[in-house]
Amino acid sequence: MWPNRRLIDLFKTEFPIVLAPMAGVMDAELVIAVAQGGGLGSLPSAMLSPEKAREQVNIIRQRVSAPVNMNFFCHTPVELTAEAEARWKQRLAGYYNEHGLDPAAPINAANRAPFDVSFCEVVEELKPEIVSFHFGLPEAALLKRVKAAGCLVISSATTVREAVWLEQHGADAVIAQGAEAGGHRGMFLTDKISEQPGTFALVPQVVDAVKVPVIAAGGVADGRGIAAAFALGAAGVQIGSAYLRCPESKVSAAARAALAEGQDDSTVITNVMTGRPARGVQNRLMREAGPISPDAPPFPHAATALGPLKAAAEKQGRVDFTNLWAGQAIGLGREVPAAELTRDLAKSALARMKALAG
């Protein structure tokens with residue numbers, strides 16, 4: 001039995017395992033598979049239109065009768081100045097020339113919209129059991145409407161101060177995101193990357209600081225990591241990188257190859273892919289222009305000019321400009337169906353905890 005059932009009882013899932021919402025590399029198919037395996041499936045909705053998000057949730061509802069988590073960003077948009085855009089394009093000019101691309105050609109803007117009224121209306125209509133946010137929480141009026149729709153609210157904290165803030169502002173559970181975690185740092189009360197604690201240090205301090213259930217994220221990719229998270233006081237775990245090589249993910253063949261070769265030192269925290277710090281598999285752009293660059297425009301504008309470069313390189317089977325978000329436990333990933341992986345993770349964790357208790 002799980003030593004802490006608070007998250008299972010709150011979410012009404014079989015296992016205290018949350019699929020990390022990984023925008024751009026997954027859709028309803030992976031959500032469904034994880035739900036079928038007993039975990040909480042999370043649909044990344046920040047890069048979707050309200051219509052597409054509605055369509056995806058309806059697909060999930062038709063396939064499984066399980067709780068669903070819809071995930072959104074709630075960053076404050078920053079305008080792209082002409083000066084910042086010119087500086088970034090100048091930094092990328094050599095790559096454009098190399099691929100025979102016209103830097104003056106029109107480009108579709110990167111679509112990473114914050115949670116707004118139109119998304120809130122979708123939530124009120126679909127009533128997902130859980131709504132998760134990244135980069136804090138939305139404005140109070142929108143959050144009140146989400147809660148009034150009967151949804152539980154969770155969000156990521158990268159420091160104890162952020163965790164306390166989330167609880168004070170209505171979060172029903174807190175994701176303690178250690179520095180090992182893949183994807184964008186959920187930081188919203190700090191911008192100091194060098195001060196971000198790791199999972200092992202963060203989780204017990206967050207557990208001590210808040211009363212709501214704590215979900216450990218970062219470096220958790222097998223039963224040992226889950227058992228360790230529970231030993232630290234967590235009520236559940238959020239796992240992303242371990243699912244990237246499952247057949248249900250939408251990761252390209254070239255990206256799968258890069259992930260399969262991943263080791264403990266393969267990832268870095270970078271801002272050159274989107275303009276906001278995120279951990280991913282190091283690629284050519286990160287090595288040559290970063291990993292942290294003052295030339296990268298604010299989130300999400302850095303990604304806009306990279307679009308043509310990413311497409312051109314991927315046509316050649318390369319991931320030089322592709323953001324392969326993944327955590328430091330990338331080397332523990334496996335190529336197995338997501339439902340099977342979820343059950344294996346839970347079984348392995350329970351066996352590990354039983355052995356430690358004995």
Side-chain angles (χ1 to χ4, degrees), residues 19-26 30 44 95 134 156 158 176-187 193-202 216-226 228-229 237-293 296 299 302-303 306 309-310 313-314 316-336 338 341 344-345:
L19 168 67
M22 299 177 286
V25 294
M26 60 164 286
L30 186 57
Y95 300 121
H134 216 47
S156 297
T158 67
Q177 187 193 34
E180 302 94 324
H184 285 98
R185 306 298 304 145
M187 51 206 300
I193 285 292
S194 61
E195 296 179 2
Q196 294 276 282
T199 307
F200 222 75
L202 179 64
V220 182
D222 63 7
R224 293 169 295 182
I226 298 172
V237 295
Q238 179 171 276
I239 298 176
S241 302
Y243 286 102
L244 285 172
R245 292 166 61 199
C246 293
E248 297 88 352
S249 89
K250 302 305 177 186
V251 176
S252 68
R256 284 180 187 274
L259 291 168
E261 295 171 0
Q263 299 177 3
D264 60 320
D265 59 353
S266 295
T267 68
V268 295
I269 292 179
T270 181
N271 72 336
V272 299
M273 302 307 300
T274 66
R276 194 165 185 133
R279 182 178 291 283
V281 178
Q282 191 159 213
N283 60 23
R284 180 185 175 190
L285 182 69
M286 294 179 200
R287 286 192 299 270
E288 297 177 359
I292 301 293
S293 171
F299 179 85
L306 293 177
L309 291 169
K310 175 183 175 183
E314 287 183 347
Q316 300 171 5
R318 302 203 314 272
V319 290
D320 294 351
F321 307 97
T322 302
N323 49 333
L324 301 179
W325 299 143
Q328 288 182 326
I330 181 178
L332 297 175
R334 293 183 289 144
E335 293 182 24
V336 296
L341 176 59
D344 285 350
L345 287 167

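Numbers for residues simply follow the sequence, beginning at 1. Only a predicted model underlies this, so the values are computations on that prediction, with no experimental measurement involved.
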Output the distance between atom [atom1] ([X]) and atom [atom2] ([Y]), rounded to the nearest 0.5 Å.
{"X": "N323", "Y": "T274", "atom1": "CG", "atom2": "OG1", "result": "7.5 Å"}
{"X": "L285", "Y": "T322", "atom1": "CG", "atom2": "OG1", "result": "10.0 Å"}
{"X": "L244", "Y": "R334", "atom1": "CG", "atom2": "CZ", "result": "14.0 Å"}

(message) Under the rule for salt bridge (Lys or Arg N to Asp or Glu O under 4.0 Å), what residues qualify as partners of E261, not counting sequence neighbours?
(response)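 Salt bridge (Lys or Arg N to Asp or Glu O under 4.0 Å) list for E261, sorted by chain: empty.
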Does the [X] side chain pair with the main chain of [Y], one donor and one acceptor, at a distance under 3.5 Å?
{"X": "E180", "Y": "T199", "value": "yes"}
{"X": "Q177", "Y": "H184", "value": "yes"}
{"X": "T158", "Y": "Q196", "value": "no"}
{"X": "T270", "Y": "V272", "value": "yes"}

(message) What verdict does the side chain to side chain contact (heavy atoms under 4.5 Å, CB included) test give for L259 and V281, after you've listed the backbone C-alpha separation in whole Å, the side-chain angles of each residue and the deciding distance to 0.1 Å?
(response) CA-CA 8 Å; L259 291 168; V281 178; 4.0 Å; yes
(request) Specify the closest pair of heavy atoms between A179 and I269, including all atoms of both residues, with the distance to one decimal. (result)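 Looking at all heavy atoms of both residues, the shortest contact is O-CD1, 4.3 Å.
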(message) If I compare all heavy atoms of Q282 with all of M286, which pair ends up nearest, and what's the gap?
(response)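 Q282 and M286 have their closest heavy atoms at CA-SD, 3.6 Å.
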(request) Output, in order, the C-alpha distance, side-chain angles, deciding distance and verdict of side chain to side chain contact (heavy atoms under 4.5 Å, CB included) for M273 and L306. (result) CA-CA 8 Å; M273 302 307 300; L306 293 177; 4.1 Å; yes
(message) Suppose the criterion is salt bridge (Lys or Arg N to Asp or Glu O under 4.0 Å): which pairs have a residue in residues 271-292, not counting sequence neighbours?
(response)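 Sorted pair list: E98-R284, R284-E288, R284-D320.
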(message) Testing N283, T267, V319 one by one against L324 for a side-chain contact (heavy atoms from CB on, under 4.5 Å), which residue passes?
(response)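 Of the listed options, the one satisfying the test is V319.
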(request) Please assess D264 against Q328 for the test side chain to side chain contact (heavy atoms under 4.5 Å, CB included), listing each intermediate value before the final yes or no. (result) CA-CA 5 Å; D264 60 320; Q328 288 182 326; 6.0 Å; no
(message) Evaluate E248 against Y243 for side chain to side chain contact (heavy atoms under 4.5 Å, CB included), listing each step before the verdict.
(response) CA-CA 9 Å; E248 297 88 352; Y243 286 102; over 6 Å; no
